[in-house]
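Values reported hereafter were calculated over all heavy atoms of this structure, with side chains retained and with hydrogens, waters and symmetry mates removed. Since we're looking at a predicted model, the values are computed, not measured.
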Amino acid sequence: MPWYPSERWALFLALGIVVLVGSVSGCDPQPTPEAARRDMPPSSGVVVISMTDAMRFAPSHPTVSVGDTVVWVNDGALPHTTTDDPSQAAVPEHNVLPPGAQAWDSGVVTAGSTFTQVFATPGEYTYVCILHEAAGMLGRITVQ
């Protein structure tokens with residue numbers, strides 16, 4: 001898919017927002033996850049997934065395009081992870097990667113923080129919060 005100037009601008013703006021939110025996380029006042037979402041332009045190639053205290057990823061099964069960026073935002077008070085690495089899952093079958101795709105692990109994402117992943121390989125990805133896998137905190141992403 002060719003890149004057009006407006007798409008490139010939108011992607012850089014969205015990634016800049018993610019970097020800004022991460023770089024000021026130790027400062028007061030902190031940008032809120034809601035502000036980061038509000039500032040992202042529509043159709044920017046960025047999909048935001050919320051990690052909640054209800055032990056859910058929302059949306060639980062988005063479809064994105066190759067090259068899109070997914071930003072997980074911890075909207076709750078509990079820490080979470082986003083992990084697609086069978087070697088780290090309690091049930092390795094909960095973590096599935098398409099052939100040739102790279103595993104990822106966010107590490108602990110604290111309240112109000114984010115983790116970003118760009119998807120370069122098409123296919124189905126299933127992932128977990130390794131802290132809450134037993135509680136059913138599983139997600140799936142389809143990359144077309």
Side-chain angles (χ1 to χ4, degrees), residues 1-3 6-26 29-144:
M1 182 159 104
W3 281 84
S6 63
E7 290 175 311
R8 183 171 290 156
W9 173 86
L11 179 60
F12 283 117
L13 177 63
L15 291 175
I17 291 167
V18 170
V19 169
L20 176 64
V21 169
S23 68
V24 298
S25 62
Q30 292 182 5
T32 64
E34 293 77 21
R37 283 190 197 91
R38 182 183 62 240
D39 293 339
M40 287 183 193
S43 303
S44 64
V46 176
V47 173
V48 177
I49 298 176
S50 176
M51 297 183 284
T52 73
D53 285 347
M55 309 307 173
R56 298 288 176 257
F57 294 104
S60 63
H61 185 193
T63 298
V64 303
S65 297
V66 168
D68 281 357
T69 300
V70 174
V71 179
W72 285 267
V73 178
N74 185 343
D75 285 322
L78 299 173
H80 295 290
T81 76
T82 170
T83 306
D84 197 350
D85 183 347
S87 71
Q88 294 191 47
V91 179
E93 294 78 20
H94 286 165
N95 281 188
V96 178
L97 294 156
Q102 296 293 318
W104 79 81
D105 177 28
S106 64
V108 175
V109 180
T110 58
S113 297
T114 63
F115 174 75
T116 303
Q117 177 74 21
V118 176
F119 288 87
T121 305
E124 291 287 323
Y125 296 76
T126 59
Y127 64 96
V128 300
C129 170
I130 57 175
L131 303 174
H132 304 113
E133 180 179 359
M137 194 165 180
L138 310 169
R140 184 169 63 177
I141 297 174
T142 300
V143 180
Q144 299 179 336

Peer 1: Between I141 and V64, is the side chain to side chain contact (heavy atoms under 4.5 Å, CB included) condition met? List the steps.
Peer 2: CA-CA 7 Å; I141 297 174; V64 303; 4.0 Å; yes

Peer 1: Taking all heavy atoms of L78 and all of D53, pick out the closest pair and write down the distance.
Peer 2: N-OD1, 3.0 Å

Peer 1: How close do P92 and P86 get, counting heavy atoms only, and between which atoms?
Peer 2: CB-O, 3.8 Å

Peer 1: Kindly indicate whether the side chain of D105, heavy atoms from C-beta on, has any atom under 4.5 Å from the side chain of Q88.
Peer 2: yes

Peer 1: Measuring from atom CZ of F115 to atom CG of N74, what distance do you get when rounded to the nearest 0.5 angstrom?
Peer 2: 13.5 Å

Peer 1: Parallel, tilted or perpendicular for F119 and Y125, by the 30°/60° rule?
Peer 2: perpendicular

Peer 1: Do any N or O atoms from the side chain of Q144 and from the backbone of S65 form a donor-acceptor pair under 3.5 angstrom?
Peer 2: no

Peer 1: To the nearest 0.5 Å, what is the distance between CD1 (I130) and NE2 (H94)?
Peer 2: 14.0 Å

Peer 1: Without swapping roles, check the side chain of T126 against the backbone of R140 for a donor-acceptor pair under 3.5 Å.
Peer 2: no

Peer 1: Is the shortest heavy-atom distance from the side chain of W104 to the side chain of T82 under 4.5 Å?
Peer 2: yes

Peer 1: Does the side-chain hydrogen bond (donor to acceptor under 3.5 Å, both in side chains) test come out yes or no for T142 and H61, once each step is laid out?
Peer 2: CA-CA 7 Å; T142 300; H61 185 193; 2.7 Å; yes

Peer 1: Do other residues, nucleotides or ligands put more than 12 heavy atoms under 6.0 Å from E124 CD?
Peer 2: yes

Peer 1: Step by step, would you call S87 with D85 a side-chain hydrogen bond (donor to acceptor under 3.5 Å, both in side chains)?
Peer 2: CA-CA 5 Å; S87 71; D85 183 347; 2.7 Å; yes

Peer 1: Is there a donor-acceptor pair closer than 3.5 Å between any side-chain N or O of N95 and the backbone N or O of A89?
Peer 2: no

Peer 1: Quick one: are P79 and L131 in side-chain contact, heavy atoms under 4.5 Å?
Peer 2: yes

Peer 1: Going by the angle between their ring planes, with limits at 30° and 60°, are Y127 and W72 parallel, tilted or perpendicular?
Peer 2: perpendicular

Peer 1: When you measure from the side chain of H80 to the backbone of T52, do you find a donor-acceptor pair of N or O atoms at a distance under 3.5 Å?
Peer 2: yes

Peer 1: Kindly give the heavy-atom pair with the smallest separation between P59 and P62, and that separation in Å.
Peer 2: O-CD, 3.8 Å

Peer 1: Taking all non-hydrogen atoms of both residues, which atom of G76 and which atom of A111 are closest, and how far apart?
Peer 2: O-CB, 3.0 Å

Peer 1: Where is the tightest heavy-atom contact between T81 and S106, given as atom of each residue plus distance?
Peer 2: CA-OG, 3.4 Å

Peer 1: Given C129, which of M55, M137, R56 fulfils the side-chain contact (heavy atoms from CB on, under 4.5 Å) condition?
Peer 2: M137

Peer 1: Applying the side-chain contact (heavy atoms from CB on, under 4.5 Å) test to V73, which of I49, T114, V109 qualifies?
Peer 2: T114

Peer 1: Are S50 and D75 linked by a side-chain donor-acceptor pair shorter than 3.5 Å?
Peer 2: yes

